[in-house]
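Here's the structure, in structure tokens; my notes come after.
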Amino acid sequence: MHKRIVVAGGDGFCGWPAALYLSAQGHDVTIIDNLSRRRIDQRLGIQSLTPIASPDQRLSAWYEITGRRLHFEQVDLAEDFDGLRAALAEIRPDTLVHFGEQRAAPYSMKDAARKLYTVNNNIRATHNLLVALTDLALDTHLVHLGSMGVYGYSDAGIEIPEGYLNLSVQDEGSDRREIEILYPASPGSVYHMSKVMDQQMFQFYAKNDRLRITDLHQGIVWGTQTEETRLDERLINRFDYDGDYGTVLNRFLMQAASGLPLTVHGTGGQTRAFIHLQDTVFCIGLAVENPPTAGSRVKIINQMTETHRLRDLAALVASVTGARIALVDNPRKEAAENDLRVSNRTLLDLGLRPITLAEGVLGETVDIAQKYIHRALPEMVAALSTWTVEQRPGVVTADALARGRQILT
Ligand code: NAD
Ligand code: USQ
């Protein structure tokens, strides 16, 4: 059945190809975005490696090529509750897919202003959406893009379940009680912390207002193009490679294309979850088609297809491209080594057949990186956001002095 769908954050890296995919499936899609990401790029002095067209050009290209209309409304989810409420009252969406948040961990750790912005933007955007839906008494299914990072990367020694953990606890007597809790959160950045806060809001509104909510705990998305964005250069997706917004695999591929060493943080013993962009949009489609019923708990789905240790990932990219690998000081505060096992049963059961990091698929992203390398700004590649003051180059702290004295004596 064709639905009315709002894609909030639909001008971004995941949101744009998802909007095209849903439109291609025959749904009536409206993008809501405040274009903040394009402004952040300008302020940082960076640009997508790929030349992304303006929203107007994107929409007319899509219509010209497919005959399908996509709609666009420029609304700030966090700052303009009235505008958001009015847009939703008009559209009355069956489904709202929420990508509209500040999503870079390094950007969220850059300084006080970006920490404040990330929390204010993300929490208010999510809460405004929840309030607008309840205030309008809409039976909209909210599909939110969450993050695998809410679980954290401490070795629990178990497969990470899909959101909830079943515990067997001894009560005051000798009886054992079975309880279900949200998997204990352990965010690793202010950005990831905002996703943990989103989770709590979803729990409340699902319980109190019977909102139907799916929270997709997504891994790191790699790749650039999907079947739809490939149709025309005006539909091309963004490719971030800079120290704040570039994610690890896309950064490695860009570094390889520009003859730079692959920057592995620390020992590269960190293990992370990954998913290809084409699978992301397919999974969004599955989530849209399989809403929870009103009154049921938040449906949490782990949206990832494979895990990789970073030094193995770097070795794979190096073997395909001939790039060198550099172990650099880790600007983040994170476990140097961790194992990661994750259940992604829901999506597999719904029919996901994962695209894995096979050489052929990697090849397309290598090609994109090479094709547009003339647009790259190599000086923007270094990851300069540090997680703590002590990690900032040139900062001398009491602790560092004490350590220095120990070394000297
Ligand atoms: P992106 O920065 O490319 O896109 C986010 C979009 O949201 C941008 O177009 C931006 O302008 C818009 N936006 C931000 N704040 C807004 C606001 N207040 N009002 C209206 N629009 C707003 O990010 P992305 O990579 O596409 O990520 C989308 C979502 O998916 C994020 O919530 C992110 O946490 C999640 N996610 C991304 C990845 C990844 O690897 N990219 C992995 C897991 C989860
Ligand atoms: N890393 C390197 N070298 C680099 C860049 C990163 O070794 O040049 C390391 C980081 O230290 C980290 C890992 O690679 O250990 C992943 O970093 P990332 O920037 O690729 O991903 P992350 O910060 O976790 O954030 C990204 C998205 C975010 C999403 C998250 C999914 O930006 O929106 O929520 O992936 S997850 O990691 O599963 O939580």
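Indexing begins at 1, ligand by ligand and atom by atom, following the structure's order. This one's a predicted model, so the numbers in the text were calculated from it and none came from an experiment.
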D209 and T134 side chains, donor-acceptor separation under 3.5 Å: no
Aromatic plane relationship, H2 with H27 - under 30° parallel, 30 to 60° tilted, over 60° perpendicular: perpendicular
Parallel, tilted or perpendicular, as decided by the 30° and 60° cut-offs, for the rings of Y107 and Y245: tilted
Any idea which protein heavy atom is nearest [atom], and the distance to it?
{"atom": "atom 9 (C) of ligand 2", "answer": "L310 CD1, 3.4 Å"}
{"atom": "atom 19 (O) of ligand 2", "answer": "R332 NH2, 2.9 Å"}
{"atom": "atom 12 (C) of ligand 2", "answer": "E334 OE1, 3.5 Å"}
{"atom": "atom 34 (O) of ligand 2", "answer": "Y191 OH, 2.6 Å"}
{"atom": "atom 32 (O) of ligand 2", "answer": "R103 NH1, 3.0 Å"}

salt_bridge(R114, D244) N-O dist < 4.0 Å: no
Contacting atoms of ligand 1, where contact means under 4.0 angstrom from a heavy atom of A78: 18 (N)
Enumerated ligand 1 atoms positioned under 4.0 Å from heavy atoms of R238: 3 (O)
Atom indices of ligand 2, in the order listed, that fall short of 4.0 Å to a heavy atom of M148: 38 (O), 39 (O)
Close approach, Y245 and ligand 2, non-hydrogen under 4.0 angstrom: no
Whether A383 lies under 4.0 Å from ligand 2, heavy atom: no
Of the listed options [options], closest to [atom] (non-hydrogen atoms):
{"atom": "atom 24 (O) of ligand 2", "options": "R272, Q218, H192, Q270", "value": "H192"}
{"atom": "atom 35 (O) of ligand 2", "options": "N250, I220, V381", "value": "I220"}
{"atom": "atom 11 (O) of ligand 1", "options": "L77, D33, T126", "value": "D33"}

Ligand 1 contacted by R124 (non-hydrogen, < 4.0 Å): no
Polar atom proximity, A105 to ligand 2 (N or O, under 3.5 Å): no
Ligand 2 to G149 polar contact by distance, N or O atoms, under 3.5 Å: yes
Residue part near ligand 1, for E79, under 4.0 Å between non-hydrogen atoms: neither
